[in-house]
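Step one of this worksheet: look at the structure below.
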Protein chains: 2
Amino acid sequence: MTVPVEGPAPQRRKRADAMRNTEAVLEAAKSAFAELGVDAPMREIGARAGVGVGTIYRNYPRRSDLIIAVFRRELDATASEAERLAAAHPPAKALRLWAASLGRFVATKRGFASALHSGDPAYAPLPGQFLGALAPRLQRILDAGAADGTIRPDVRAEDLIQALARLADDHPGDADGRAGRMIDVLLDGVTVARPESRSL
Amino acid sequence: MTVPVEGPAPQRRKRADAMRNTEAVLEAAKSAFAELGVDAPMREIGARAGVGVGTIYRNYPRRSDLIIAVFRRELDATASEAERLAAAHPPAKALRLWAASLGRFVATKRGFASALHSGDPAYAPLPGQFLGALAPRLQRILDAGAADGTIRPDVRAEDLIQALARLADDHPGDADGRAGRMIDVLLDGVTVARPESRSL
DNA sequence: AACTATACGGAACATCGTTCCGTTTATCAC
DNA sequence: GTGATAAACGGAACGATGTTCCGTATAGTT
């Protein structure tokens with residue numbers, strides 16, 4: 001076995017069938033997660049992709065790796081949306097619009113929020129991954145709002161993202177519009193700074 | 001076999017060992033749920049109670065039956081707390097105090113909120129059971145607050161309970177005090193009626 | 001065309017929820 | 001006490017699922 005001395009390039013590039021399968025697995029997992037939730041059986045994902053479960057585990061040793069890979073693509077869109085909104089609207093307005101954007105993201109990923117907050121160690125890397133992508137952008141909106149007095153200054157971006165994700169996660173049986181109503185209420189609390197009320 | 005004609009009384013009363021075991025199972029399940037979450041293995045619960053899994057399933061045919069039985073005892077305390085607070089405080093204050101009470105209830109039952117909102121049909125009876133016990137009491141506080149103008153009138157008790165339960169559910173890795181901070185923010189939104197902000 | 005590293009598929013294993021049934025035992029009648 | 005009987009018991013058995021493992025197939029190279 002030769003040691004690749006970080007030279008010109010690896011001897012062999014990734015096999016073409018492996019690349020096709022990797023893409024097929026991502027697509028299959030995306031649809032399976034959407035229909036069955038993030039606990040969709042691995043055999044089911046393999047069947048949709050036309051591969052055996054061994055192939056999935058070779059590329060994604062842990063289930064959380066697969067979940068991260070599937071959602072990361074769309075996550076970036078939601079993250080950059082925050083920057084677009086921050087540039088086009090005043091902070092309080094940008095916050096509401098972005099919350100709606102995050103809500104749509106979560107709504108299309110049944111069980112995603114549950115996994116994000118699961119006590120299961122398998123999902124431990126998830127919160128860091130997602131908060132890392134979203135929190136800095138949101139924090140800039142919050143800082144801008146604190147500066148102009150339209151957003152209370154004692155709310156942390158990470159807290160708010162987790163809260164929004166929890167409230168946005170809808171389930172069968174939920175009253176129609178519950179998620180939207182409660183997010184509106186939460187944001188009403190965020191956009192009025194009244195620190196003295198925190199003393200219970 | 002004689003047919004008991006709904007006469008004086010049942011011939012035999014419940015066996016003493018059965019009663020002991022029922023109680024032991026409830027205690028074992030309570031501790032197992034607290035330590036391992038509501039997905040604690042049935043074999044584990046059986047081992048803690050010193051009984052076989054068959055004994056558990058005879059008394060609680062579905063897992064959700066056991067969960068309901070375990071939590072109902074403490075649920076009543078939280079429900080009646082609402083009445084006590086409503087009588088002793090003005091509505092807005094009663095609401096905050098009761099939210100804290102609900103938070104303590106949820107905090108001691110890891111995964112309880114997840115089960116309450118799970119898509120799993122096995123947990124389908126749970127939301128009805130718990131909302132049924134809590135919502136009417138909370139609704140009276142909300143109505144009183146709407147009447148004296150301290151609580152916005154467009155918030156439903158059921159929505160609010162679900163929102164509080166979701167926000168209160170803490171997980172390892174959560175920032176310290178996150179739950180309390182976000183609940184405060186939500187209640188800030190509830191205790192100020194500003195319907196025009198709902199138009200995004 | 002032959003060779004070999006790479007990737008594949010699915011059997012195998014472990015865990016868990018749930019069902020089933022042969023065995024044990026508390027209670028009752030005497 | 002003693003025996004009969006229904007109630008209750010425990011854990012094996014079954015099916016589903018996550019994950020690992022390894023003999024086989026094959027893409028890319030020579």
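No experiment lies behind these values; they were computed from the predicted model shown. Here is the naming used below: chain letters follow the sequence lines, and residue numbers restart at 1 for every chain.
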Nearest-nucleotide 5' precedence on DNA chain D, A:G54 against A:M42: A:M42
Rounded to whole Å, please give me the gap between CG in B:D65 and P in C:dG17. 15 Å
OP1 or OP2 of C:dG9 less than 4.0 angstrom from a side-chain nitrogen or oxygen of A:T55, does that happen here? yes
Round to the nearest Å and state the distance from A:N59 atom CG to C:dA7 atom P. 8 Å
Given atom CD1 of B:I45 and atom P of C:dG17, what is their separation to the nearest angstrom? 8 Å
Euclidean distance, atom CG of residue A:L36 to atom P of D:dA16 [Å, nearest integer]: 16 Å
Looking only at C:dC8, D:dC9, C:dG9, the nucleotide nearest the B:D17 side chain is D:dC9
Does a nitrogen or oxygen in the side chain of B:R62 sit under 4.0 Å from OP1 or OP2 of C:dT18? no
Take the protein atom CD1 of B:I56 and the nucleotide atom P of C:dG17, then report the distance between them rounded to whole Å. 10 Å
According to a strict under-4.0 Å criterion, is B:Y57 in side-chain N/O contact with OP1 or OP2 of C:dT18? yes
Between A:H89 and A:A94, the two heavy atoms sitting closest are CB-N, 3.9 Å
With heavy atoms under 4.0 Å as the rule, sort B:V53 into base, sugar-phosphate or nothing. base
Upstream residue (5' side of DNA chain C) when A:G50 and A:R43 are each assigned their closest nucleotide: A:G50
Less than 4.0 Å between a side-chain N and a carboxylate O, is that true for B:R84 and B:E81? yes
Quiz item: B:R15 side-chain donor-acceptor pair to D:dA8 base, under 3.5 Å: no
Would one find a side-chain N or O of A:N21 under 4.0 angstrom from OP1 or OP2 of C:dC8? yes
Among the nucleotides D:dT17, D:dA8, C:dC16, whichever has the atom closest to the side chain of A:P41 is D:dT17
Proximal nucleotide (of C:dG9, C:dA26, D:dC9) relative to the B:A18 side chain: D:dC9
Locate the shortest heavy-atom distance separating A:G189 from A:R152; write the atom from each residue and the value. O-CD, 3.1 Å
Look at atom CG of B:D176 and say whether more than 12 heavy atoms of other residues, nucleotides or ligands are closer to it than 6.0 Å. no
Mind calculating the distance between CG (B:D39) and P (C:dT15) to the nearest angstrom? 17 Å
Step-by-step salt bridge (charged side-chain N to carboxylate O under 4.0 Å, His left out) determination, A:D159 to B:R181: CA-CA 8 Å; A:D159 287 351; B:R181 286 195 299 272; 2.5 Å; yes
Respond yes when some side-chain nitrogen or oxygen of A:R63 is under 4.0 Å from OP1 or OP2 of D:dG18, and no when none is. yes
What nucleic acid atoms does B:A40 come within less than 4.0 Å of, heavy atoms only: base, sugar-phosphate, or nothing? sugar-phosphate
